[in-house]
Participant: 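There's a structure below that I have some questions on.
Nothing fancy with the numbering, it's 1 onward along the sequence. Every number for a ligand or one of its atoms is a count from 1 in the order of the listing. Note that these values count all heavy atoms, side chains included, but never hydrogens, waters or copies made by symmetry. None of these values were measured; they are calculated from a predicted model.
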Amino acid sequence: MKILYSIEECISWRKSALGSVGFVPTMGALHQGHLSLVKIAKKNCDYTIVSIFINPTQFSESEDFSSYPSMLDKDIKILKEELIDAVFIPSENEIYNKKSDDYFYETPLSNKLEGITRPHFFKGVTMVVYKLFNIVNPTHVVFGEKDAQQLIIIKQMIKHNKSSITLISGKTIRNKHGLAHSSRNAYLSVKEQKEASKIFQSLMLIKRLLDGGEQNSQLLKNEFVKSIESIAAFKLDYISIADIETLDEISKIHKKKTLVSTAVFFKEVRLIDNFIY
Ligand code: AMP
């Protein structure tokens, strides 16, 4: 596995990769969720490259950029075991030194759901993803459904830019209690992680009600809120039941695809989860 630190090295590696190239962008602290995306890339492409870059522009001043889990040596070891072809680990300076390369993708989708609490977030995500796409020049990219809104926005950005990249999505991978794997779970003890799985269980409460024919989204949200409020350490940021294309809230559930998504603070840790109905 090649370890690439500079843009130059990455471009040169790409030139030698003749065939399809599957790219998995990550912020590191790799877990089973990331590895499931790596497996998808490996299955679909001749070459697989993962990037590890904790992107400063997607964090606000008050967020956890400086404390975001970083375990580079462990990540490299894990990726070697996955037998991927290359890992790209650029420095902040490498990615952001040329202001002229900055890119701004504006879409109304960025201001909804996650964008309400984190107005800076998708500006930073689309900026870095665009830059990484230009450097890595992949034929395929793999993103997780865990970050459903991110997936939808990147899909739209690829279409908008008339890019030939094929986007593949990967299902959310969970631990045995249902908690979605996340690098931020490292902030929680094992006991807390078990408690945090109540978020997924509360989402599944909505799913059961939907399966039973309930269509009133306010009622569904109320049930979710009650379930979340039963854990004192939780503070609900939002629960949304939205049209999967516009991300607008819907009051009555119909046959079209619906995104049920939430963000919950567990003490200081902000956890997100969702399911598509
Ligand atoms: P991150 O390192 O958090 O930026 O995530 C990198 C990629 O991994 C994104 O496409 C995420 O959606 C995806 N991802 C994160 N957690 C999971 C999970 N539990 N299951 C599947 N994909 C995930």
Participant: Considering only non-hydrogen protein atoms, determine which one is nearest to atom 20 (N) of ligand 1 and report residue, atom name and distance to 0.1 Å.
Facilitator: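 Looking only at protein heavy atoms, the one closest to atom 20 (N) of ligand 1 is I173 N, 2.9 Å.
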
Participant: Applying a strict 4.0 Å limit to heavy atoms, is E145 in contact with ligand 1?
Facilitator: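 Contact check E145 vs ligand 1: negative.
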
Participant: What is the nearest protein non-hydrogen atom to atom 10 (O) of ligand 1, stated with its residue, atom name and distance?
Facilitator: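 Residue, atom and distance for the closest contact: G144 N, 2.9 Å.
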
Participant: Please, which pairs that meet ring-ring contact (aromatic ring centres under 6.0 Å, His included) have at least one residue in residues 195-247, sequence neighbours excluded?
Facilitator: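 Checked against ring-ring contact (aromatic ring centres under 6.0 Å, His included) - neighbours excluded - the pairs reaching residues 195-247 are F234-F266.
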
Participant: Determine whether the side chain, the backbone, both or neither of P25 has a heavy atom under 4.0 Å from any heavy atom of ligand 1.
Facilitator: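 Near ligand 1, P25 shows its backbone, while the atoms from C-beta on stay back.
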
Participant: Please enumerate all residues that pass side-chain hydrogen bond (donor to acceptor under 3.5 Å, both in side chains) together with S6, with sequence neighbours excluded.
Facilitator: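 Result, side-chain hydrogen bond (donor to acceptor under 3.5 Å, both in side chains) vs S6: E9.
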
Participant: Identify which of L179, I272, I40, L37 has a heavy atom lying nearest to atom 13 (C) of ligand 1.
Facilitator: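 It is L37 whose heavy atom sits nearest to atom 13 (C) of ligand 1.
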
Participant: Can you figure out which of D147, T26, V142 has its heavy atom closest to atom 11 (C) of ligand 1?
Facilitator: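 When every heavy atom of D147, T26, V142 is considered, D147 comes closest to atom 11 (C) of ligand 1.
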
Participant: How far is atom 1 (P) of ligand 1 from its nearest protein heavy atom, and which residue and atom name does that atom have?
Facilitator: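 For atom 1 (P) of ligand 1, the nearest protein heavy atom comes out as H34 NE2, 3.6 Å.
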
Participant: Is the number of heavy atoms from other residues, nucleotides or ligands within 6.0 Å of CD (E81) greater than 12?
Facilitator: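 Yes.
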
Participant: Pull out every atom of ligand 1 sitting under 4.0 Å from any heavy atom of F143, numbered as shown with elements.
Facilitator: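 Taking each heavy atom of F143 in turn, ligand 1 has 10 (O) under 4.0 Å.
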
Participant: Does R174 have a non-hydrogen atom less than 4.0 Å from ligand 1?
Facilitator: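 Heavy atoms of R174 never come under 4.0 Å of ligand 1.
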
